[in-house]
Amino acid sequence: MLFDIAARFAFDGECSDVSPYGNGHINDTYAVSVMTERGRLRYILQRLNPYVFPDRRGLMKNMIAVTRFLRESVKARGGDPERECLRLVPTRAGEPYLVDGNGDVWRATQFIENTEAYLVADDAEMFRDAGRAFGEFVAGLSDFDASTLFEVIPRFHDTENRYAAFSEAVAADRKGRLAFVAAEREFVEARKGDCSLIVRALAEKRIPVRVTHNDTKLNNVLIDVDTKKSVCVIDLDTVMAGSMLYDFGDGVRAGCSTAREDEKDLNRVHFDTELFGAFADGFLTGMGDSVTEEEIKLMPYAARLMTFECGMRFLTDYLGGDVYFKTAYAEHNLVRARTQFRLVEEMEGAFTEMQRLCFEAAERVRRGK
Ligand code: ADP
Ligand code: GN1
Ligand code: MG
């Protein structure tokens, strides 16, 4: 069946292998190998998650428009568009993606070789450069008209909305799991007031609406295995109108931990301020001079809030029966929620230092280092 799907894409040769690939929580991702006269070539084949993305046609329209635009931005700055930008491989019928007999949507992209998606950064330099790539991504789309993008997941980073979903999951307690999460529930409820921070700043126009990635975890940028430089921002499913604070905050959430997102031993999970400073520096460097004072001021708050939001989403999914994120075992979402809350606690403790690091990074970038 997978070979039949793969055979419908205009790959450069006969498909010899299709294997599950990567660590994404949402789509079904496969690496496809094909034999060609020049040797083996690889592609990425993905079935888009129908539960998470009801409007997969809108999603693909966004991806097509965004990659087309980014390709030009990469060329304009003298980069290599084949490595620094995703390229969709059309179907043999000439369509940009495939809809199968079940209504499932499949897409294929060129495999960007000699890169890796990291779950944890090797060091601060690697993470600084990931920040640079995510910042450049936002800057590269600054002239893209945000109003032309479909809102693939409505109110995706509207944390008030996420809190409401959490409260509904608590009230429904669909799987009888509420009894196991008293401490986590209390943790979330004590921070209800934080949820308005970014939505309100956007609504009051204190910060600009930008085209943002919205899912800037470290493994959504491919890193060159030799140079350790970030080559290509991937996973464009959630590119929508948003705030740079979402991208900065989510990047910190995912990358400033000393452990993996699903580490069970919380003694290993710490918020690393050195990584935070490096990411802030990289991100602001990548964004260039378009960043505003208010955005800079809110960056440390956004880091805390995006981490809190993600923990709340994992907990909501745990209560709702693991219908959204892929899980490998029954407590997986709870384990993930706990790591996020541990990071939030530590960020609360380190908050003054985070503010200092952000302002220093902004100063450095302003002075051109
Ligand atoms: P998900 O939405 O499920 O996270 P992604 O689009 O992020 O799906 O893809 C999952 C993983 O597949 C990535 O983390 C990365 O390891 C790998 N991947 C995706 N696209 C490519 C590509 N074009 N080249 C190489 N690896 C890729
Ligand atoms: C999901 O798709 P992936 O695995 O890169 C999720 C993000 C979460 C992240 C947590 C569309 O990202 O929002 O922050 O898991 N993506 C979607 O690891 O919900
Ligand atoms: Mg991903």
Side-chain angles (χ1 to χ4, degrees), residues 1-50 52-53 56-75 78-119 133 137 213 215 219-239 326:
M1 139 76 180
L2 277 171
F3 272 76
D4 295 340
I5 297 286
R8 293 175 65 183
F9 282 88
F11 296 142
D12 245 358
E14 186 89 359
C15 172
S16 61
D17 184 61
V18 184
S19 304
Y21 192 81
N23 285 297
H25 293 348
I26 304 294
N27 297 315
D28 296 340
T29 300
Y30 304 90
V32 176
S33 300
V34 306
M35 290 316 291
T36 74
E37 284 164 6
R38 288 166 290 148
R40 190 182 73 138
L41 269 185
R42 290 199 290 177
Y43 298 89
I44 288 285
L45 176 68
Q46 292 180 305
R47 185 187 78 106
L48 298 182
N49 185 318
V52 170
F53 301 118
R56 293 180 299 290
R57 289 176 190 274
L59 181 157
M60 287 308 297
K61 282 188 184 146
N62 284 355
M63 181 174 175
I64 292 162
V66 164
T67 48
R68 188 172 292 155
F69 191 95
L70 280 175
R71 190 167 297 279
E72 295 311 312
S73 299
V74 170
K75 280 189 207 156
D80 174 359
E82 294 313 319
R83 266 180 90 63
E84 296 171 36
C85 189
L86 286 176
R87 181 184 279 285
L88 283 163
V89 180
T91 67
R92 297 207 179 272
E95 301 294 336
Y97 56 90
L98 176 75
V99 184
D100 72 12
N102 301 322
D104 274 330
V105 174
W106 297 81
R107 72 169 170 226
T109 50
Q110 304 272 6
F111 197 107
I112 300 178
E113 294 289 356
N114 209 39
T115 62
E116 208 173 299
Y118 286 72
L119 292 173
F137 183 89
H213 183 282
D215 188 2
N219 76 352
N220 283 333
V221 62
L222 296 176
I223 297 178
D224 188 294
V225 295
D226 298 322
T227 64
K228 309 289 182 196
K229 296 277 183 211
S230 288
V231 172
C232 182
V233 172
I234 59 167
D235 202 345
L236 307 180
D237 300 338
T238 51
V239 175
K326 289 188 177 189

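- For the residue pair Lys228 and Tyr118, a side-chain donor N or O sits within less than 3.5 Å of a side-chain acceptor on the partner.
- Within 6.0 Å of the CZ atom in Arg92, the count of heavy atoms belonging to other residues, nucleotides or ligands exceeds 12.
- Of the charged side-chain nitrogens involved, none lies within less than 4.0 Å of a carboxylate oxygen, so that Glu95 and Arg8 do not count as a salt-bridged pair.
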Could you go through the side-chain contact (heavy atoms from CB on, under 4.5 Å) check for Asp215 and Asp237 one step at a time? CA-CA 9 Å; Asp215 188 2; Asp237 300 338; over 6 Å; no
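- Minimum interatomic distance between Val89 and Phe9 (heavy atoms only, all atoms of both residues): O-CD2, 3.5 Å.
- Checking Asn27 against Thr29 by side-chain atom types alone, no donor-acceptor pair falls below 3.5 Å.
- Atoms OG1 and CG, from Thr36 and Leu41 in turn, are 4.5 Å apart once rounded to the nearest 0.5 Å.
- Between Val233 and Ala133, the closest heavy-atom pair is CG2-O, 3.9 Å.
- Nearest heavy-atom pair, Leu236 versus Thr67, reported as atom, atom and distance to 0.1 Å: CD1-CG2, 3.5 Å.
- Put simply, the side chain of Ser16 gets close to the backbone of Ser33: a donor and an acceptor are under 3.5 Å apart.
- Residues Tyr30 and Leu2 are in side-chain contact: their nearest non-hydrogen atoms beyond the backbone lie under 4.5 Å apart.
- Side-chain contact between Val99 and Asp104 is absent, with no heavy-atom pair separated by less than 4.5 Å.
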Apply side-chain contact (heavy atoms from CB on, under 4.5 Å) to Leu59 and Arg107, showing your working. CA-CA 11 Å; Leu59 181 157; Arg107 72 169 170 226; 3.7 Å; yes
Show your reasoning for whether side-chain contact (heavy atoms from CB on, under 4.5 Å) applies to Val221 and Ile234. CA-CA 6 Å; Val221 62; Ile234 59 167; over 6 Å; no
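- Atom NZ in Lys326 sits 7.5 Å away from atom CG in Asn49 (nearest 0.5 Å).
- Rounding to the nearest 0.5 angstrom, the gap separating the CG atom in Asn220 from the SG atom in Cys232 is 10.5 Å.
- Contact annotation: the side chain of Tyr43 approaches that of Asp12 to within less than 4.5 Å [non-hydrogen atoms, C-beta and beyond].
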Let's go through Met63 and Tyr97 carefully: what are the C-alpha distance in whole Å and the side-chain angles of both, what is the deciding distance for side-chain contact (heavy atoms from CB on, under 4.5 Å) to 0.1 Å, and is it a yes or a no? CA-CA 11 Å; Met63 181 174 175; Tyr97 56 90; over 6 Å; no
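- If you take CG on Asn114 and CG on Leu222, they are separated by 11.0 Å, rounding to the nearest 0.5 Å.
- Remark: aromatic rings of Phe111 and Tyr21 are close, center separation under 6.0 Å.
- Contact between Ile112 and Arg83 at its shortest, heavy atoms only, is CD1-O, 3.6 Å.
- Atom CD of Gln110 sits about 11.5 Å away from atom SG of Cys85, to the nearest 0.5 Å.
- Here the shortest heavy-atom pairing between Ile223 and Ser230 reads CG1-OG, 3.7 Å.
- Counting only distance, with no hydrogens or angles, the side chain of Arg56 and the backbone of Trp106 share no donor-acceptor pair below 3.5 Å.
- Atom-to-atom distance recorded for Asp224:CG and Glu113:CD is 11.5 Å, nearest 0.5 angstrom.
- With respect to Arg47 and Asp100, no salt bridge is recorded, no charged nitrogen being found less than 4.0 Å from a carboxylate O.
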